[in-house]
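Worksheet for the structure shown next.
These numbers were taken from a predicted model, which means no experiment stands behind them.
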Amino acid sequence: MLEVWKIGTVIHWVFRVFAVLAAVRVISENRNPYRTLAWVFALIAFPVLGCIGYLVAGRTLSWRTMRRSQTSTEFPYTRRILMERARSNNTPNLDLRLTHFLTRPNQPPFTYHNAVSVLQNGVETFPSIFEAISEAKHHVHLEYYTIENDQIGNQLRQLLIDKAQQGVQVRVLYDAIGSNRLKPTFIESLKLAGVEIAAFLPIRFPFPSSKINYHDHRKMVIVDGQVGFIGGLNFGDQYMTGGKHFASWRDTHLRIAGEAVYLLQELFFTDWGFVTGRDLITDDYFPVCSQAERCWVQVTPNGPAAGQRLIYESFFEFITHAEKRVYITTPYFIPEDALVAALASTALSGVDVRILLPHFPDRRIVQWAGRSYYDRLLKAGVKIYEYHAGFLHAKVLLVDDAISSVGTANLDIRSMEINFEVNAMIYDSEICRKLTNDFFADLKQSLLISSVHWNKRSLAARFAESFARLF
């Protein structure tokens, strides 16, 4: 009995020492002060649980991994291609300060010769993607957070196998956590057909790894370097039907043909090189663009490496420069305080600020955390709606009459700081008008949250929101 007590004491002190060392490391990393304080409190007050949580979700990627993962936000290859072909030398007609911000050296280049189509829900998105893949002549590149082993997933698998057997180069990059339900037989069948496929930051259990907290949340398809797709839809039946838990699935995707596909292509090769260690980028994957239509597009990535919060920075600038309206659709809403302040001050200045969120969540604790921000925003005059017709998964930002953002980033801390994300920033009045019409159509199936009603919610609901936000 005495020996057991001694072993327990040793283990207890090992955890305490590790907790102190971990707390020192968290403080030295100069993180967000609120999250630093939360980690230090958890590690010191609850050393065992705190250490386990820190090992799984608290550590940053190693310096070496972080350096290799740095996305080429400057897109040097695409810049060279555009310069050599004398394309996209100007900038869209925007506010002078905003133009200066968007043309900084670390910002992606503008592309002009593009045709952009808005695809609503799986019924429009999947047929368009499958049609483009079926017409591929040279290569198909996919980078996806989730690929399911179901009807849609297997339809994609068979199509990729067919193209590979026809001699088309096919490469697939999938997130190890987001696609963890993929069976080995699914992956092996692609490899046997000649498809190159790799997992992004695979986790090798049973050892805790900092990788488990970092996800490749990007959703991109590039076909022959001429057509690309980007947006909120993963490959799976639930993204078409709503699955077992929702009456429907509301999402937004884009089909882009033109120069902006160069940016998607270079981003894919950067991620492919990070995962596989192979640099395959050549001019063969950047064919001459013959697109006659004109639409300004920037492809903006986000990642956990230093200086790569480009989507967050762009959102902040768009919101603070708004003169008429800011419309936001997002399934997850846990913004940083600075972004909340920007939304509140923009509304107080007379701008029409509206936020559309799901009423039926896929993660209840995330909804509680998001609702903890309602009070401050409602008091500032922000209009908040909750969508009742199914699960809302679209990620769209609209500002005034000419700025639109569609992509993979949610308005939450994970998307803005931890995940690898990508959004298309579009500076075009016609696309903005189309997305605005879709936004108001969604509002017809939503409920406006009133301050009077919101203030009557129970104490239990208030506590759940506060706890979820802290957690």
Side-chain angles (χ1 to χ4, degrees), residues 119 121-134 136 139-166 168-206 209 211-223 229-251 253 268 271-272 275-276 331 361-363 390-391 393-394 408 410 419-422:
L119 304 173
N121 302 324
V123 69
E124 293 183 2
T125 302
F126 293 130
S128 185
I129 292 176
F130 292 154
E131 179 183 8
I133 293 175
S134 67
H139 65 270
V140 177
H141 293 154
L142 284 89
E143 182 170 346
Y144 259 78
Y145 177 61
T146 300
I147 301 175
E148 298 284 0
N149 187 28
D150 55 17
Q151 184 175 342
I152 291 292
N154 280 289
Q155 187 175 347
L156 171 68
R157 179 182 65 87
Q158 189 57 53
L159 187 55
L160 296 179
I161 289 173
D162 292 343
K163 299 310 294 185
Q165 291 176 340
Q166 293 170 17
V168 174
Q169 299 175 39
V170 181
R171 297 180 179 91
V172 178
L173 186 59
Y174 66 93
D175 185 74
I177 300 297
S179 299
N180 64 345
R181 286 191 292 264
L182 273 187
K183 296 180 180 179
T185 53
F186 186 105
I187 298 170
E188 285 303 315
S189 65
L190 289 168
K191 290 181 177 179
L192 288 173
V195 175
E196 297 181 63
I197 182 168
F200 190 92
L201 292 181
I203 308 300
R204 293 175 175 84
F205 290 106
S209 171
K211 295 178 182 178
I212 199 170
N213 204 33
Y214 295 87
H215 300 158
D216 182 5
H217 198 240
R218 292 169 181 155
K219 305 164 185 68
M220 305 188 302
V221 178
I222 303 104
V223 177
F229 296 85
I230 180 176
L233 285 151
N234 290 291
F235 283 109
D237 292 350
Q238 65 175 329
Y239 303 98
M240 173 72 84
T241 65
K244 299 177 182 178
H245 305 292
F246 304 105
S248 64
W249 191 279
R250 174 68 186 91
D251 223 319
H253 223 80
F268 173 84
D271 293 341
W272 184 262
V275 171
T276 67
D362 62 341
R363 297 177 179 87
F391 182 58
H393 193 251
T408 68
N410 301 301
N419 286 347
F420 294 81
E421 307 278 4
V422 60

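How far CD1 of Ile197 is from CD1 of Ile147: 6.0 Å, rounded to the nearest 0.5 Å. Rounded to the nearest 0.5 angstrom, Leu156 CG and Leu160 CG are separated by 4.5 Å. Within the model, atoms CD of Gln169 and NE2 of His141 stand 6.0 Å from one another, a figure rounded to the nearest 0.5 Å. With values rounded to the nearest 0.5 angstrom, Glu143 atom CD is found 4.0 Å from Met220 atom CE. The line from CG of Leu233 to CG of Leu119 is 9.0 Å long, rounded to the nearest 0.5 Å. Separation of atoms CZ (Arg181) and OG1 (Thr146) is listed at 7.5 Å; rounding is to 0.5 Å.
Between Gln166 and Asp162, the side chains place no donor N or O within less than 3.5 Å of an acceptor N or O (distance only, hydrogens not considered).
Using a distance-only test at 3.5 Å, with no hydrogens or angles considered, no donor-acceptor pair links the side chain of Ser128 to the main chain of Glu124. Lys163 contributes no side-chain N or O that, together with a main-chain N or O of Val140, makes up a donor-acceptor pair within less than 3.5 Å. Under the 3.5 Å distance criterion, the side-chain polar atoms of Asp251 are left unmatched by any main-chain donor or acceptor of Asn121. Looking only at distances, a side-chain donor or acceptor of Ser134 sits under 3.5 Å from a matching main-chain atom of Glu131. In this structure, His393 contributes its side chain and Trp249 its backbone to no donor-acceptor pair below 3.5 Å.
Tyr144 pairs in a ring-ring contact (aromatic ring centres under 6.0 Å, His included) with only one of the listed residues (Tyr239, Phe235, Phe229), which is Phe235. Among Tyr145, Phe200, Tyr214, the single residue meeting the ring-ring contact (aromatic ring centres under 6.0 Å, His included) criterion with Phe420 is Phe200. A side chain to side chain donor-acceptor pair (under 3.5 Å) with Arg218 holds for exactly one of Thr408, Asp271, Asp175, Asn419; it is Asp271.
Across Ser179 and Tyr174, no two heavy atoms sit closer than the pair CB-CD1, 3.7 Å. What you find for Asp150 and Asp237 is that their closest heavy atoms are OD2-N, 2.8 Å. Taking each heavy atom of Ala176 and Leu201 in turn, the nearest pair found is CB-O, 3.8 Å. Nearest heavy atom pair, residue Leu182 against residue Glu148, reads CD2-C, 4.2 Å. Phe268 and Ile222 make their closest contact through CB-CD1, 4.0 Å (heavy atoms, listed as atom of the first residue, atom of the second, distance). Between Ala198 and Val275, the shortest heavy-atom distance links the atoms CB-CG1, 3.8 Å.
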Go through the steps to decide whether Asn149 and Thr185 satisfy the test side-chain contact (heavy atoms from CB on, under 4.5 Å), and finish with yes or no. CA-CA 10 Å; Asn149 187 28; Thr185 53; 5.6 Å; no

Tell me, with the steps shown, if Glu196 and Trp272 meet side-chain contact (heavy atoms from CB on, under 4.5 Å). CA-CA 10 Å; Glu196 297 181 63; Trp272 184 262; 3.8 Å; yes

Yes or no on side-chain contact (heavy atoms from CB on, under 4.5 Å) for Val422 and Ile230, after CA distance, side-chain angles and deciding distance? CA-CA 8 Å; Val422 60; Ile230 180 176; 3.8 Å; yes

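Below 30°, between 30° and 60°, or above 60°: for Phe130 and Phe126 the angle between ring planes is below 30°, a parallel geometry.
At most 12 non-hydrogen atoms from other residues, nucleotides or ligands lie less than 6.0 angstrom from CD of Gln151.
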